[in-house]
Trainee: 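One structure coming up, written as structure tokens, with questions to follow.
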Number of protein chains: 2
Amino acid sequence: MADKNNIAKTKVKVPEHSIRRLSVYLRYLYSARDNSDFYVSAPNIAKELNFDPTQIVKDLSLTGIKGKPRAGYNTFELIQAIEDYLNFDKSNRAFLVGAGSLGSALISYPQLESFGIKIVAAFDIDPEKTGKLIKRVNVLPVSQMPELAKRLKVEIGILTTTAEAAQQATNLMVESGIRAIWNFAPINLKVPDDVIVQNTSMYSNVAIMLKKLQASKQS
Amino acid sequence: MADKNNIAKTKVKVPEHSIRRLSVYLRYLYSARDNSDFYVSAPNIAKELNFDPTQIVKDLSLTGIKGKPRAGYNTFELIQAIEDYLNFDKSNRAFLVGAGSLGSALISYPQLESFGIKIVAAFDIDPEKTGKLIKRVNVLPVSQMPELAKRLKVEIGILTTTAEAAQQATNLMVESGIRAIWNFAPINLKVPDDVIVQNTSMYSNVAIMLKKLQASKQS
DNA sequence: TAGATTGTTAATCGATTAACAATC
DNA sequence: TAGATTGTTAATCGATTAACAATC
């Protein structure tokens, strides 16, 4: 049954909570490294980030790293282990579709490359926008996407169009062979079973923040 | 113990998963309403968004709404119930700090207002940026923040500065009486126990997407 | 050695899913 | 009435936390 398949596929099982935390640890580890801290321990990180130390130990063990009792983990090895586990090997080329203000902001977002995503081209339907450069990234007409995707073996698409244009842009990405879509458009995309959609809704974060604010007022 | 207190306070207990989903349902319900669907049922929404129907029923019950067996929920009542539950009453005024490309993108982000946030002013330290307008929002020097926050009773801050400027900007927001900070800067902010920080890290989403992509290739 | 930290196993907690009765 | 859907209670599942042994 196609529908059931779809649900199954959408939920490729990965330990989301741990992965989310690992990316937070990683950010801290970069600064520790720059700070010449050669060893970091779980209680160390925990104190800095206000996390639970045993949870950190458990998360880190996912990457297969071995730490030294008393000392902690070698900072360089730990960074390498997390980067490997999260596939941040810098070869993940991505297209950005929708060169509006959010798209431009993402192209400029700091360190996105060290987090495994390299934006190699941007696309737009608006002829006003195409033919220009945004921080060394070319903005091309969408018609060039399928051919370029195949040539450059691009598997990742970042969707920053309006909600109205999003589904059509998605269809084109799928036709071009894109396997994973990082979606910022506030709409539920329809994709084939084997395409991954990562929704980044601004709204859900707003909702959670407002709810916490309300809860904090009541106590 | 201050540290323990901090941990406790950071985790004001709200059903995060349900809230996140409710905001997704809401977005769909707006389109259903515009489409003149006067009644929607859980299996209805489930099919459209690829969710589990019983989970939807459970989530919706959080808002206190009563549905009709066989028919479902009145669309207007349901929208109202979710908006009430999530405090989207449109009176949540917010300051935006850091008028760079991401800040501008957020000011232009569609429907943010219907999701409970109204950006009433933007701030920047760069004199090049202050004194201008971004889509009807004034960009002011940060020095004006404390006084204006008190006058307008602003409790929410949106932080879109660089990582380097983020902590200082945060301190100023806290001094100004901001109670909740929606943080886009890739850094762990230090705040007093009673201030809520909602981190929106781009990186964690990248990490999860890459991990899913890898997992899907292995099956 | 003593003490701090890792690493593993067990207990708890919360969220999701399943089952089914109530009801329009 | 029959059937679809709500709504509630129970079972399952996964994630977090606690406990403690191993080790440097």
Side-chain angles (χ1 to χ4, degrees), chain A residues 3-4 7-8 10-22 24-25 29 32 37-75 77-78 81-82 85 204 208 211-212 215, chain B residues 3-4 7-8 10-22 24-25 29 32 37-75 77-78 81-82 85 204 208 211-212 215:
Chain A
D3 203 87
K4 196 142 192 182
I7 289 174
T10 312
K11 305 207 174 169
V12 182
K13 271 284 170 288
V14 298
E16 284 208 19
H17 295 228
S18 295
I19 291 171
R20 183 161 272 127
R21 285 190 300 266
L22 281 170
V24 177
Y25 307 155
L29 291 170
D37 296 337
F38 296 130
Y39 272 83
V40 290
S41 71
N44 232 245
I45 303 173
K47 204 171 206 174
E48 188 65 30
L49 302 179
N50 244 300
F51 281 52
D52 181 66
T54 69
Q55 188 178 52
I56 294 178
V57 170
K58 195 145 208 183
D59 287 339
L60 296 184
S61 73
L62 277 176
T63 69
I65 194 165
K66 295 289 166 196
K68 285 194 185 62
R70 266 223 81 169
Y73 306 85
N74 177 292
T75 309
E77 284 178 18
L78 185 50
I82 298 178
Y85 178 76
S204 59
I208 290 167
K211 201 68 192 169
K212 282 184 185 164
Chain B
D3 204 87
K4 194 140 192 184
I7 289 175
T10 313
K11 305 205 175 173
V12 180
K13 272 284 172 287
V14 299
E16 285 208 19
H17 294 226
S18 295
I19 291 170
R20 183 160 273 127
R21 286 191 298 267
L22 281 170
V24 176
Y25 307 154
L29 291 170
D37 296 336
F38 296 128
Y39 270 83
V40 288
S41 71
N44 231 243
I45 302 173
K47 203 170 208 175
E48 188 66 30
L49 302 179
N50 243 300
F51 280 51
D52 181 66
T54 68
Q55 190 179 51
I56 294 177
V57 169
K58 196 146 206 181
D59 287 340
L60 296 184
S61 74
L62 276 176
T63 69
I65 193 165
K66 294 291 166 195
K68 284 193 183 64
R70 265 222 82 165
Y73 306 86
N74 177 291
T75 309
E77 283 178 18
L78 185 50
I82 298 177
Y85 179 76
S204 60
I208 290 167
K211 203 67 192 165
K212 282 183 186 166

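Within every chain, numbering begins at 1; the chains are lettered A, B, ... in the order of the sequence lines, protein sequences first and strands thereafter.
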Trainee: Between C1' on C:dT17 and NZ on A:Lys13, what's the gap in Å once rounded to a whole number?
Mentor: 12 Å

Trainee: Expressed as a whole number of angstroms, how long is the span from B:Asp52:CG to C:dA19:P?
Mentor: 12 Å

Trainee: Quick one: stems involving DNA chain D, counted as three or more successive Watson-Crick or G-U pairs, both distances short of 3.5 Å.
Mentor: C:3-24 with D:3-24

Trainee: Specify the separation, in whole Å, of atom CG of A:Leu60 and atom C1' of D:dT16.
Mentor: 15 Å

Trainee: Nearest 0.5 angstrom please: B:Leu22 CG to B:Ile56 CD1, how far?
Mentor: 10.0 Å

Trainee: How close do A:Ala42 and A:Pro53 get, counting heavy atoms only, and between which atoms?
Mentor: CB-O, 3.8 Å

Trainee: Are A:Leu60 and A:Ile82 packed together at the side-chain level, in the sense that at least one heavy-atom pair is separated by less than 4.5 angstrom?
Mentor: yes

Trainee: Is any side-chain nitrogen or oxygen of A:His17 closer than 4.0 Å to OP1 or OP2 of D:dG14?
Mentor: no

Trainee: Do nucleotides 3-9 of chain D as a string where each nucleotide becomes B, S or -: B if the base has a protein heavy atom under 4.0 Å, S if just the sugar-phosphate does, - if no protein is that close.
Mentor: BBBSB-B

Trainee: Once salt bridge (charged side-chain N to carboxylate O under 4.0 Å, His left out) is applied, do any residues pair with B:Arg20, and if so which ones, sequence neighbours excluded?
Mentor: none

Trainee: Rounded to whole Å, how long is the line connecting atom CG of A:Leu22 with atom P of D:dA15?
Mentor: 13 Å

Trainee: To the nearest angstrom, how far is A:Phe51 atom CZ from D:dA15 atom P?
Mentor: 16 Å

Trainee: With sequence neighbours left out, which residue pairs that include part of residues 59-71 of chain B fulfil the side chain to side chain donor-acceptor pair (under 3.5 Å) condition?
Mentor: B:Ser18-B:Asp59, B:Arg21-B:Asp59, B:Tyr25-B:Asp59, B:Tyr39-B:Lys68

Trainee: Of all residues at least two apart in sequence or in a different chain, which pass the side-chain contact (heavy atoms from CB on, under 4.5 Å) check with A:Lys211?
Mentor: A:Gln214, B:Val14, B:Ile19, B:Tyr85, B:Asn87

Trainee: Can you tell me the distance, in whole Å, between the CD atom of B:Gln55 and the C1' atom of D:dA11?
Mentor: 16 Å

Trainee: Please report the distance, rounded to the nearest Å, between CZ in A:Arg21 and C1' in D:dG14.
Mentor: 12 Å

Trainee: Nearest-Å distance, CD1 (A:Ile19) to C1' (D:dG14)?
Mentor: 14 Å

Trainee: Taking side chain as C-beta onward, heavy atoms only, is B:Ile208 less than 4.5 Å from B:Lys212?
Mentor: yes

Trainee: Measure the CD1-CG distance between B:Ile45 and B:Leu78 for me, rounded to the nearest 0.5 Å.
Mentor: 6.0 Å

Trainee: Could you list the residues that satisfy salt bridge (charged side-chain N to carboxylate O under 4.0 Å, His left out) with A:Glu77, not counting sequence neighbours?
Mentor: none

